[in-house]
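Taking it in order: structure first as structure tokens, then the write-up.
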Amino acid sequence: MERTKDISVRSGLPSSKVKAQKKSKKKAKKYKEVDFTLLAVTVALVLFGLLMVYSASSYENIVRGRESYSDVIRQGFFAAAGLFIMVFVVANFDYHFMTMSRTKLLVFAVLVLNVAVILFEPVKGASRWLRFGSLSLQPSELAKFTMVLYAANTLKRLDILKGRKKWKPTIRVFLMMIVFAGIVVVLQSNLSIGAIIVITSLILIFLAGGTFLQLFTYVSIGISGLGILLWIEPYRMARLLNFGDPFKEAQGAGHQLVQSLYALTSGGVFGQGIGMSRLKAFWLPEAQNDFIFAVIVEELGLIGGLFLMFLLLILIYRGIRISIEAKDQFGRLLAVGITAIFALQSFINIAVVIGAFPVTGVTLPFISAGGTSLVVNLVAVGVLLNISRQSKSV
């Protein structure tokens, strides 16, 4: 009290106003400063991705009579929009706003969008996009993170439950996981995104406090489902059997992987130089999308590939740290789920490109061309930034 009086005497303000100023200062310090390391590495990945999208797509654009920079301009627009939403909206938007009731509304909306793809013309044999003129939306990108949000809300009190009550939340997550993955795989022929949804959901069940019996049960059902999906679609089984020896069908099922391996080996340690990739000249399909890592290594060499992996590892590390330091179980599960998606996509994409995993359509986060993927990933990073700003040390 005496200290407040002394301050009010020195400042010439009434003690009531001094107290009000103190309260406003405490309120202003509710959030920490933004996680600079996570923000910096995200911006670095986006800028690096723009550079490589331009390099990987410029030749094809010129040959087809378009401007060489048409793809990177489009990607740059989505990058700017995503970064703005990430920094100025989502990072300042309390993640606790997404209560279970609001999450259920989002789940319903995303499921409708994922079913609605069947109303649009398939592209390359798959119905994965909603098209509105020159713009398109890939709703499966929304499905991954919506599933994480639902699981985090459902499992946030799992660790304090016992007996039969401990099964109910995990069963709800498992059933919703089947719905999301089933729609993405059956309607959109997108087994890779379906697998990421399943694996991420199982990770969240385990980390939330699920028992080994629960995990064993759900994993067994998941593996059985995967076997059925491989069996009913012959091309999936062909991809699985082919990746071990892609040169056996170098002009058929193994073509993409063979060209990717040529690109990797021709890059050497230091690469051919930016813009000097030869395999992107209609030899390597999806050079600016699923196989952009091959172009990166061809042009920037082993050093360029390792540099990109280093940036991705920093991103994943910061996500794990944010999860550990989150102030509540909801924040912890949300952060680890988002990070798991980034880690799984990065691992699968790079593993496919180097021939360590069957060829599948998984993009490299922040690097591959694709507006929906880039914006959704940046929004997810914004959620991580918001969780970090409300961490235990606040």
Side-chain angles (χ1 to χ4, degrees), residues 95 98 100 103 106-107 110-111 114 138-156 158-159 169-185 188 190-210 212 214-223 225-226 229 312-313 315-324 326 329-352 357 360-366 372-373 376-384 387:
Y95 64 94
M98 292 308 298
M100 179 54 88
T103 299
L106 179 63
V107 166
V110 172
L111 286 175
N114 275 276
Q138 189 174 358
S140 60
E141 293 291 335
L142 296 170
K144 295 178 297 186
F145 295 104
T146 302
M147 185 62 220
V148 167
L149 182 60
Y150 177 82
N153 256 313
T154 306
L155 300 171
K156 60 187 177 184
L158 182 65
D159 55 338
T170 63
I171 290 173
R172 287 202 295 270
V173 170
F174 182 73
L175 292 176
M176 186 59 70
M177 174 193 81
I178 290 176
V179 172
F180 267 111
I183 289 174
V184 169
V185 173
Q188 303 178 20
N190 200 336
L191 181 60
S192 52
I193 297 298
I196 288 173
I197 290 172
V198 171
I199 295 170
T200 304
S201 301
L202 293 175
I203 289 172
L204 288 174
I205 290 173
F206 177 70
L207 294 179
F212 282 103
Q214 290 171 335
L215 199 65
F216 176 77
T217 302
Y218 301 143
V219 168
S220 300
I221 296 173
I223 292 174
L226 176 63
L229 291 170
L312 290 169
L313 285 173
L315 178 80
I316 294 165
Y317 169 75
R318 289 310 307 161
I320 294 171
R321 291 301 308 172
I322 288 169
S323 174
I324 293 171
Q329 183 73 336
F330 178 48
R332 280 191 287 274
L333 293 175
L334 197 53
V336 80
I338 291 170
T339 306
I341 289 175
F342 290 151
L344 284 169
Q345 280 203 217
S346 301
F347 171 78
I348 293 173
N349 180 274
I350 294 173
V352 166
F357 199 81
T360 182
V362 174
T363 57
L364 191 56
F366 309 101
T372 305
S373 174
V376 172
N377 285 338
L378 289 172
V379 169
V381 172
V383 175
L384 288 178
I387 295 170

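Since we're looking at a predicted model, the values are computed, not measured.
For the pair L158 and G210, the tightest heavy-atom approach, listed with the atom from each and the gap, is CD2-N, 3.6 Å. Residues V148 and T200 come closest through the heavy atom pair CG2-CG2, 3.7 Å. Listed here is the closest heavy atom pair of G194 and V185: CA-CG2, 3.9 Å. The minimum heavy-atom distance between R332 and S323, with the atom names listed, is CG-O, 2.8 Å. Closest heavy-atom contact between I387 and G331: CD1-O, 3.6 Å. A pairwise comparison of heavy atoms in G319 and L384 identifies CA-CD1, 4.5 Å as the closest pair.
Outside the 6.0 Å centre-distance limit, the rings of F347 and F357 are not counted as a close aromatic pair.
Across N114, N190, I197, a single residue satisfies side chain to side chain contact (heavy atoms under 4.5 Å, CB included) together with I183, and that is N114. Q345 pairs with exactly one of I350, T363, L312 by the side chain to side chain contact (heavy atoms under 4.5 Å, CB included) rule, that one being T363.
Here OG1 of T154 is found 11.0 Å from CG of L175. Values are rounded to the nearest 0.5 Å. One distance of note links CG of L333 with CD1 of I203; it measures 12.0 Å at 0.5 Å rounding. Within the model, atoms CG of L142 and CG of L111 stand 11.0 Å from one another, a figure rounded to the nearest 0.5 Å. Distance CG/L202 to CG/L207: 11.0 Å, rounded to 0.5 Å. Distance OG1/T103 to CE/M176: 10.5 Å, rounded to 0.5 Å. Separating the CD1 atom in I322 from the CD1 atom in I338 is a distance of 9.0 Å, to the nearest 0.5 Å.
Without hydrogens or angle criteria, S140 side chain to V184 main chain gives no donor-acceptor distance under 3.5 Å.
For the pair F366/L378, a side-chain contact is recorded, criterion being any heavy-atom separation below 4.5 Å from C-beta on. Put simply, the side chain of L191 does not reach to within 4.5 Å of the side chain of T360, judged on heavy atoms. When side chains are defined from C-beta on, V179 does not count as touching V107, because their heavy atoms never get closer than 4.5 Å. M147 has its side chain within reach of S201: a pair of non-hydrogen atoms, C-beta onward, lies under 4.5 Å apart. You'll find the side chain of F174 stays beyond 4.5 Å of the side chain of Q214, heavy atoms only. Using a 4.5 Å heavy-atom cutoff, the side chains of I193 and Q188 are not in contact. Taking the side chain as every heavy atom from C-beta outward, V173 and Y218 never approach each other to under 4.5 Å.
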Trace of the side chain to side chain contact (heavy atoms under 4.5 Å, CB included) decision for D159 with Q329: CA-CA 9 Å; D159 55 338; Q329 183 73 336; 4.3 Å; yes
Under the criterion side chain to side chain contact (heavy atoms under 4.5 Å, CB included), I'd like the reasoning laid out for F145 against V379: C-alpha separation, chi angles, the key distance, then a yes or no. CA-CA 10 Å; F145 295 104; V379 169; over 6 Å; no
Applying side chain to side chain contact (heavy atoms under 4.5 Å, CB included), run through M98 and L334 and close with a yes or a no. CA-CA 11 Å; M98 292 308 298; L334 197 53; over 6 Å; no
Determine, step by step, whether I196 and I348 satisfy the side chain to side chain contact (heavy atoms under 4.5 Å, CB included) criterion, reporting the C-alpha distance in whole Å, the side-chain angles of both residues, the deciding distance to 0.1 Å, and the verdict. CA-CA 10 Å; I196 288 173; I348 293 173; 4.1 Å; yes
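Between F330 and Y95, the angle of the ring planes lies from 30° to 60°, which puts this pair in the tilted group.
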